[in-house]
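Hydrogens, waters and symmetry mates are skipped; everything else that's a heavy atom, side chains included, is used.
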Amino acid sequence: MDKKTFYITTAIAYASGKPHIGNTYEIVLTDAIARLKRMQGYDVFFCTGTDEHGQKIEEKAAAAGITPKEYVDRVSGQIRGIWDIMNTSYTHFIRTTDDYHEKAVQKIFKRMYEKGDIYKSEYSGMYCTPCESFWTESQLKDGCCPDCGRPVHPAKEEAYFFRMSKYQDRLMKHIEEHPDFIVPESRKKEMINNFLKPGLQDLCVSRTSFKWGIPVDFDDRHVVYVWLDALNNYITALGYDPDGCGENFGKYWPADVHIIGKDILRFHTIYWPIFLMSMDLPLPKQVFGHPWMLFAADKMSKSKGNVIYADDMVHLFGVDAVRYYMLSAMPYAQDGSITYETFITKYNAELANTLGNLVNRTVAMANKYFGGEISAAAIENELDEDLKATALQTAAGVLSSMEEYRTADALQKIIALAQRSNKYIDETTPWALAKDEASLPRLKTVLSNLMEAIRFISVLLCPFLPDTSASILEQINAAEQNTLESLDSFGAAPARKVGEAKVLFARIDEAKMMARIQKEIVEPQIASAKAEEAAKEAAAAPAAETKEETEGLAQITIDDFGKVALRVGKIVACEKLKKSKKLLKIQLEDGAGTRQILSGISQWYAPEDLIGRKVLFVANLKPAKLAGEMSEGMILAADCSETDVKVMFVDDAIPVGAVVR
């Protein structure tokens, strides 16, 4: 029998720059839902990608001195890289510059025009470049864009328009007849009261003032405007084409849910359904508008040093810790917040002290008292019954919460089971039972029940913290009992021998970590912001006052340089690598700890010549495995001739960990 299908999407990320942690929340949320649906037996198609056209990108590419395609290739790759770092299990990554997408959008535009839903006219109004949106004077807020608050400018140009009013009543009827079409409820009321009831204006769907877009094939002065291009990704990714659709379109459309940010709700719940009506296609079953993640109660800003990027956080805390904070700290319908301090507090309290401590001490006790041998879970008294009942209720509660995508509620329930399990340890006192040989059978029962509660926790964690879940199941030797069906009864795991106890989440020293964050993230961000401002001022100065361009070298921007974190380190140990004639294995003190770097300088330096010396190194180079060993950075050296290389040694007066800029 064929599996039930489930089609889930994120909004495609705009390829104008690196996404911060708030932008990254959406892909992690969607991944958790997709992973759970797979565990429930669904055939899941999970789509994400990048939106790559528009005036904003054309301008950024020009400023960078490259073509728009070169610009979006770089940024799209960066976005996809972060999605991969966050261990997201997407099925398909679409780019709106993909050839199949562009061809389908051209056909869709033409069919809508031939149907009479699109017509040519002229637009005159106020335009916001960052949002790529037109506004009337009455829609402005304090003279600025009502969406982003930035300045707007007058714009007048020939354009094609979509007749939105033609489908307004039909859309209103659909929303009334499908109460779960827009969730949460507050978002639905906002769309109805603020946009549908006042009446829809026809929508501009082409532009002539820039060229970076999909050409209108029957009028090449025009390019298809952002939303008619971007929104169609949800069907072109499945192989939709007006002249004949691929197998996936018939299999997965309509989408079960679009996961989007609340700021683009209007486009997904009004424009997109109307476009689909024009194409005579079914509407998505649901659109979920999630809230924003803010830095404290503030907007993120480089000049304040408070822009948080997911890859930086992963480097500091690990993938699953970052996933956990995102999914557990974001309310269902209200904006969430993140600071480094709140992250560390939550990490220590819930991941290290509650979850990690439970698993570590339980596995350690099983090994200490019984050589790791445990029996199947058994119930002997009220304490056992209560633990069992809590585990079964937790499994049901997590699944119930996830029916509405309430990840914070689901994770709170899982952590509550871990807290109850820790309390069970305190109530049953295994260390006291171990002192009396007559109590050893009871001790084995207690540990078996704890192992079963931990198994429940690990299975339920799988969609949210997949690596942690796998690690726990490995430690308790229950990888075969990792299905949701196995949680129908408490005691499904048989007798077995557990593995060695391993630390899941080491407790963080907040003061030391905050000092590291200040040095590695906050200070470079502020310096980068100042450099950007200086660069803008220099660009605005008379040409005679600007620095001459370096001849023969590829030009980079301040943004490019700001991506490289240069630090001062001290070599505390060094040896030749046995598997390589060129590489030295260096242990480098970096101001926050010690890291290993492999450097191809063996023919110029003996290990003893380097120990104790301070050097410059690249601190944020992606770790790589060389000759079977991990290298976490790069030592800077100068080519003095074709046969001579000199390491860039640093004055001893400069402290270890100092930022070079």
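Between the side chain of R323 and the main chain of L465, no donor-acceptor pair closer than 3.5 Å is present. Here the side chain of T407 pairs a donor or acceptor atom with the backbone of L327 at under 3.5 angstrom. Q106 places a side-chain N or O within donor-acceptor distance of the main-chain N or O of P215, the cut-off being under 3.5 Å. Checked by atom type and distance alone, the side chain of E52 never pairs as donor or acceptor with a backbone atom of S76 at under 3.5 Å. At distances below 3.5 Å, not a single donor-acceptor pair connects side-chain atoms of D43 with backbone N or O atoms of K3. With S528 contributing its side chain and P524 its backbone, the two residues share no donor-acceptor pair below 3.5 Å. One N or O on the side chain of Y7 and one on the backbone of Y234 form a donor-acceptor pair closer than 3.5 Å. One N or O on the side chain of R163 and one on the backbone of G116 form a donor-acceptor pair closer than 3.5 Å. A donor-acceptor contact shorter than 3.5 Å is absent between the side chain of D51 and the backbone of A230. Side chain of Q168 to main chain of L196: a donor-acceptor pair is present (N/O by atom type, distance under 3.5 Å, no hydrogens or angles).
Shortest non-hydrogen contact noted between L29 and I259 is CD2-CG2, 3.8 Å. A pairwise comparison of heavy atoms in A104 and T236 identifies CB-CG2, 3.7 Å as the closest pair. The two residues P331 and G336 come nearest to each other via the heavy atoms CD-CA, 3.6 Å. Closest approach of V152 to G143, counting heavy atoms only: CG2-O, 3.7 Å. For H268 against L231, the heavy-atom pair with the smallest separation is NE2-CD2, 3.6 Å. Shown here for T10 and T30, the closest heavy-atom pair between the two residues is CG2-OG1, 3.4 Å.
Dense packing is recorded around CE of M277, with more than 12 heavy atoms of other residues, nucleotides or ligands lying under 6.0 Å away. Residue-environment remark: NZ (K211) exceeds the threshold of 12 foreign heavy atoms within 6.0 Å. For CG of N194, the number of neighbouring non-hydrogen atoms (other residues, nucleotides, ligands) closer than 6.0 Å is greater than 12.
For D335, the side chain to side chain contact (heavy atoms under 4.5 Å, CB included) partners at least two apart in sequence or on another chain are K262, P291, W292, L294.
Using a cutoff of 4.0 Å between basic side-chain nitrogens and carboxylate oxygens, D217 and K103 are not scored as salt-bridged. A salt bridge is absent between K251 and E247: the closest approach of a Lys/Arg side-chain nitrogen to an acidic carboxylate oxygen does not fall below 4.0 angstrom. The pair K285-D256 meets the salt-bridge criterion, with a side-chain N (NZ, NE, NH1 or NH2) lying under 4.0 Å from an Asp/Glu carboxylate O. Using a 4.0 Å cut-off between charged nitrogen and carboxylate oxygen, E59 and K56 do not count as a salt-bridge pair.
Between V287 and L265 there is a side-chain heavy-atom pair separated by less than 4.5 Å. Here the side chains of C245 and W253 are not in contact, with every heavy-atom distance at 4.5 Å or above. Between N620 and D312, the closest side-chain pair of non-hydrogen atoms is not below 4.5 Å. Within the 4.5 Å cutoff, the side chain of D31 has no heavy atoms near those of the M86 side chain. Residues L36 and Q40 are in side-chain contact: their nearest non-hydrogen atoms beyond the backbone lie under 4.5 Å apart. Between K37 and K4 there is no side-chain heavy-atom pair separated by less than 4.5 Å. The closest side-chain heavy-atom distance from W135 to K141 is not below 4.5 Å. Contact annotation: the side chain of M279 approaches that of M112 to within less than 4.5 Å [non-hydrogen atoms, C-beta and beyond].
Ring planes of F46 and Y90: perpendicular class, angle over 60° (limits at 30 and 60°). The aromatic rings of Y252 and F45 lie tilted to each other, with the angle between the two planes from 30° to 60°. Taking the six-membered ring where the residue is Trp, F275 and F162 present perpendicular rings, their angle passing 60° and hence far from 30°. Aromatic ring orientation, F288 versus H290: tilted (interplanar angle from 30° to 60°).
In summary, the aromatic rings of F267 and W227 are positioned with their centroids under 6.0 Å apart. Aromatic pair Y325/F317: ring centres not closer than 6.0 Å.
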Evaluation steps, side-chain contact (heavy atoms from CB on, under 4.5 Å), between T48 and T88: CA-CA 10 Å; T48 188; T88 59; over 6 Å; no
Check the pair K115, D280 against salt bridge (Lys or Arg N to Asp or Glu O under 4.0 Å), reporting the backbone distance first and the verdict last. CA-CA 11 Å; K115 191 175 182 178; D280 296 316; 3.6 Å; yes
Please test I108 against V224 for side-chain contact (heavy atoms from CB on, under 4.5 Å), starting from the C-alpha separation and ending with a verdict. CA-CA 11 Å; I108 290 167; V224 179; over 6 Å; no
Step-by-step salt bridge (Lys or Arg N to Asp or Glu O under 4.0 Å) determination, E190 to R187: CA-CA 5 Å; E190 178 187 348; R187 310 269 190 254; 5.1 Å; no
side-chain contact (heavy atoms from CB on, under 4.5 Å) evaluation trace for Y405 with Q286: CA-CA 12 Å; Y405 313 135; Q286 191 171 72; 3.3 Å; yes
Output, in order, the C-alpha distance, side-chain angles, deciding distance and verdict of side-chain contact (heavy atoms from CB on, under 4.5 Å) for D229 and H101. CA-CA 9 Å; D229 168 7; H101 173 80; 2.8 Å; yes
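Inspection of the Y100 and D241 side chains reveals no N or O donor paired with an N or O acceptor under 3.5 Å. Y240 and N233 share no donor-acceptor pair across their side chains, judged by distance under 3.5 Å alone. Looking only at atom types and distance, the side chain of E157 has a donor-acceptor partner in the side chain of T208 under 3.5 Å away. Side-chain atoms of S89 and R38 form a donor-acceptor pair, as typed in the model, at a separation below 3.5 Å.
Atom CG of residue D202 and atom CZ of residue F161 lie 8.0 Å apart, to the nearest 0.5 angstrom. Distance check: I21 CD1 to I308 CD1 gives 6.0 Å after rounding to the nearest 0.5 Å. Here NZ of K166 is found 6.5 Å from OG of S278. Values are rounded to the nearest 0.5 Å. With rounding to the nearest 0.5 Å, the separation of CZ in R266 from CD1 in I264 is 10.5 Å. Distance check: T50 OG1 to D73 CG gives 9.5 Å after rounding to the nearest 0.5 Å. Interatomic distance, L484 CG to C462 SG, rounded to the nearest 0.5 Å: 8.5 Å.
Geometrically, K18 engages Y309 in a cation-pi contact, judged by NZ or CZ lying under 6.0 Å from the ring centre and within 45° of the ring axis. Geometrically, R207 engages Y127 in a cation-pi contact defined by less than 6.0 Å to the ring centre and at most 45° from the axis.
Among the candidates Y71, F210, W212, the single residue satisfying the ring-ring contact (aromatic ring centres under 6.0 Å, His included) test with H53 is W212. Checking V319, V322, V314 one by one against N87, the side chain to side chain contact (heavy atoms under 4.5 Å, CB included) holds for a single residue, V319.
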